[in-house]
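Everything numeric in this text was worked out from a predicted model, so none of it was measured. Side chains included, hydrogens not; waters and symmetry mates left out as well; all remaining heavy atoms used. Protein chains get the first letters and strands the later ones, always in sequence-line order, with residue 1 at the start of each.
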Amino acid sequence: MTIRLFNSHSRKKEVFKPLNPDKVTIYVCGPTVYGPSHIGNARPAVVFDVLADLLRASFKQVIYARNITDIDDKIINAAKEEKEDISKITMKYTEQYKYDMKALNVSFPDEEPFATAHIKEMIEFINDLLMKEFAYVSDDHVLFDISSYNSYGMLSRRNPEEMIAGSRVEVQSYKKKPLDFVLWKPSLDNEIGWDSPWGFGRPGWHLECSTMIFKLFGKTIDIHGGGEDLTFPHHENEIAQSSCRNDGHPLANYWMHNGLVQMDKAKMSKSLGNVLLVKDLVKKVPGEVIRFSLLSTHYRQPLIWNQRLIDQSNTVLNNMYSLLAETKDLDSNEKNIDKEFLESLYDDLNTPKAISVLHSLFKRLKKSPKDSSLRALLIGSANLIGILKNDPIEWFESKNKDVDIEMINNLIEKRRMAREEKDYEKSDTIRDQLLNMGIFIEDTQEGPVWKKISIND
RNA sequence: GGCCACGUGGCGGAGUGGUUACGCAGCGGCCUGCAAAGCCGUGGACGUCAGUUCGAUUCUGACCGUGGCCUCCA
């Protein structure tokens, strides 16, 4: 079986062939840590987590790096607003990010490079570009000269000339060409900065990824990933500076971009106040439900986020976990992965199709609840995409953690007595009363059972 | 204004030049004091208009709609 991935560069699905089949390299653009992570930050983290695990299942070694941008004007502004040190801000939100991603079953990457830990390498990088005359110094800035790289715009399919023509923005005086981008810029004395051959200052945003990729992996990596919104200018600029510095070696052989998360009605933006934070979402539903929701759409498609999506994911996972609970005595330690499931993922990470295979395994297990190998197949397959990783009993118990069990049992007992006396009016009143509290009663052959249902706010 | 992506049944969401996706919800039946769950069964779709074709949801074009990006702004 071969893995096929959609390469944004060629805009085609291509058979994935790593440079070194014994050591696959991936780099994904991580967050800028200036605030708590939202659902849009979570999508690439989850998608490329699945990709990394899939590759690990297929290749000897995979090295997955996801950076942390801890120097940026947004961070400087956040520090001013919160009246905190920059390092406090970046540490706080880096920890928050890690915590949130863990809640979504996202594994920690093999490497997590920080921009500020690579200032020296960035300065070397700029020096190289200056020496090779791909960059120039102007007014305390160092700028990349895009006219020196004739493939500029290939990834995002943009023509620099046309872009300038359509641009309404005033050209900065220190730039030779409007699209030239900053490699190094001056900092004020009271701002964060580092000494450099061009004075006290800080790096431009695009430089860190190129620099850290070169340091960790060398000239060319197999896969570079990130959100679709980063294609231009961020990734375009990375390609330009890396290719020029490394004598034309491509930065990455495969470029992958995930689609963006959209809110139900309006786009997610801070000014509209509809940014959905991961830390708030996981208070309401298990992280696995969020993860499942993110994977229920193919990663390249736009994803419209709303309550219905969460509810449906919740229902599906509840159904699966309750079957796992019913069959918990089966020995499913030997986790296998279904062939069709794997094939779906091998086809450019088709998680919706893979999930449909999960449904079919679920139905088969339902019909043959004694088949331990089938149960192992369901769990093993789901685990590959970070789903069904919880203990089925704990799954339901954790949902019931903040209910008054004693009171519920009392009411259930009253209802039982009413039913014995065939006072169904009274018993139904009690049932409604419990329902209002979010407790749902089912009368089974073994007597009444209750479960907590989610009440939408 | 320029470039790009997307538009599938009530909702979510794959896929395909001609044949069932799948899930959630719904409906009918069995069961139940009534429900629920479970089991059995079931209807329903490819934005609009043209073109290519024996035949298009699938290819081409136009249009409409939604979203993204467009020089240190995210």
### Query
Taking NZ, NE, NH1 and NH2 as the nitrogens, is one of them in A:Arg291 or A:Glu288 under 4.0 Å from a carboxylate oxygen of the other?
no
### Query
Between atom CG in A:Leu143 and atom C1' in B:U71, what is the gap in whole Å?
10 Å
### Query
On a plain distance test, is the side chain of A:Asp229 in donor-acceptor contact with the base of B:C4 below 3.5 Å?
no
### Message
It should be established whether A:Thr297 places a side-chain nitrogen or oxygen under 4.0 Å from OP1 or OP2 of nucleotide B:G13.
### Response
yes
### Task
Kindly check if the number of other-residue, nucleotide or ligand heavy atoms within 6.0 Å of CD (A:Glu343) is above 12?
yes
### Task
Have a look at A:His206 and say if it touches a base, only the backbone sugar-phosphate, or nothing, with a 4.0 Å heavy-atom cut-off.
nothing
### Query
What distance, rounded to whole Å, do you find between the two P atoms, one in B:U71 and one in B:U66?
23 Å
### Task
Scan A:Ile441 against the nucleic acid and name what it touches under 4.0 Å (heavy atoms): base, sugar-phosphate only, or nothing.
base
### Message
Any salt bridge linking A:Glu112 with A:Lys98? Criterion: basic side-chain nitrogen under 4.0 Å from a carboxylate oxygen.
### Response
yes
### Message
Regarding A:Asp428 and A:Arg431, does a basic nitrogen lie under 4.0 Å from an acidic carboxylate oxygen?
### Response
yes
### Message
For B:A14 and A:Gln301 - does any side-chain N or O of the residue sit under 4.0 Å from the phosphate oxygens OP1/OP2?
### Response
yes
#### Entry: Close approaches to RNA chain B from residues 349-359 of chain A, in residue order (heavy atom, under 4.0 Å)
A:Asn350, A:Pro352, A:Lys353, A:Ser356, A:His359
### Task
Kindly say if A:Asn319 contacts the phosphate of B:A37, meaning a side-chain N or O under 4.0 Å from OP1 or OP2.
no
### Query
Can a side chain N or O of A:Arg11 be found less than 4.0 Å away from OP1 or OP2 on B:A5?
yes
### Query
Using a cut-off of 4.0 Å on non-hydrogen atoms, how would the nucleic acid contact of A:Arg415 be classed: base, sugar-phosphate, or nothing?
base
### Query
Given B:C22, is OP1 or OP2 found less than 4.0 Å from the side-chain N or O atoms of A:Lys363?
no
### Task
Give one of base, sugar-phosphate or nothing for A:Lys366, where a contact means two heavy atoms less than 4.0 Å apart.
sugar-phosphate
### Query
Hey, does A:Arg157 reach any base, or is it just sugar-phosphate, or nothing, if we go heavy atoms under 4.0 Å?
sugar-phosphate
### Query
Considering only heavy atoms and no angle criterion, is a donor-acceptor pair shorter than 3.5 Å present between the side chain of A:Glu228 and the base of B:G68?
no
### Query
Does A:Lys339 NZ have over 12 foreign heavy atoms under 6.0 Å away?
no
### Message
Can you tell me whether the side chain of A:Arg431 and the base of B:C34 have a donor-acceptor pair closer than 3.5 Å?
### Response
yes
### Message
Under 4.0 Å between a side-chain nitrogen and a carboxylate oxygen: does that hold for A:Asp180 and A:Lys175?
### Response
no
### Query
Within less than 4.0 Å of OP1 or OP2 of B:C40, is there a side-chain N or O belonging to A:Lys367?
yes
### Task
With sequence neighbours excluded, give me every salt bridge (Lys or Arg N to Asp or Glu O under 4.0 Å) pair touching residues 184-198 of chain A.
A:Asp73-A:Lys185, A:Glu191-A:Arg202
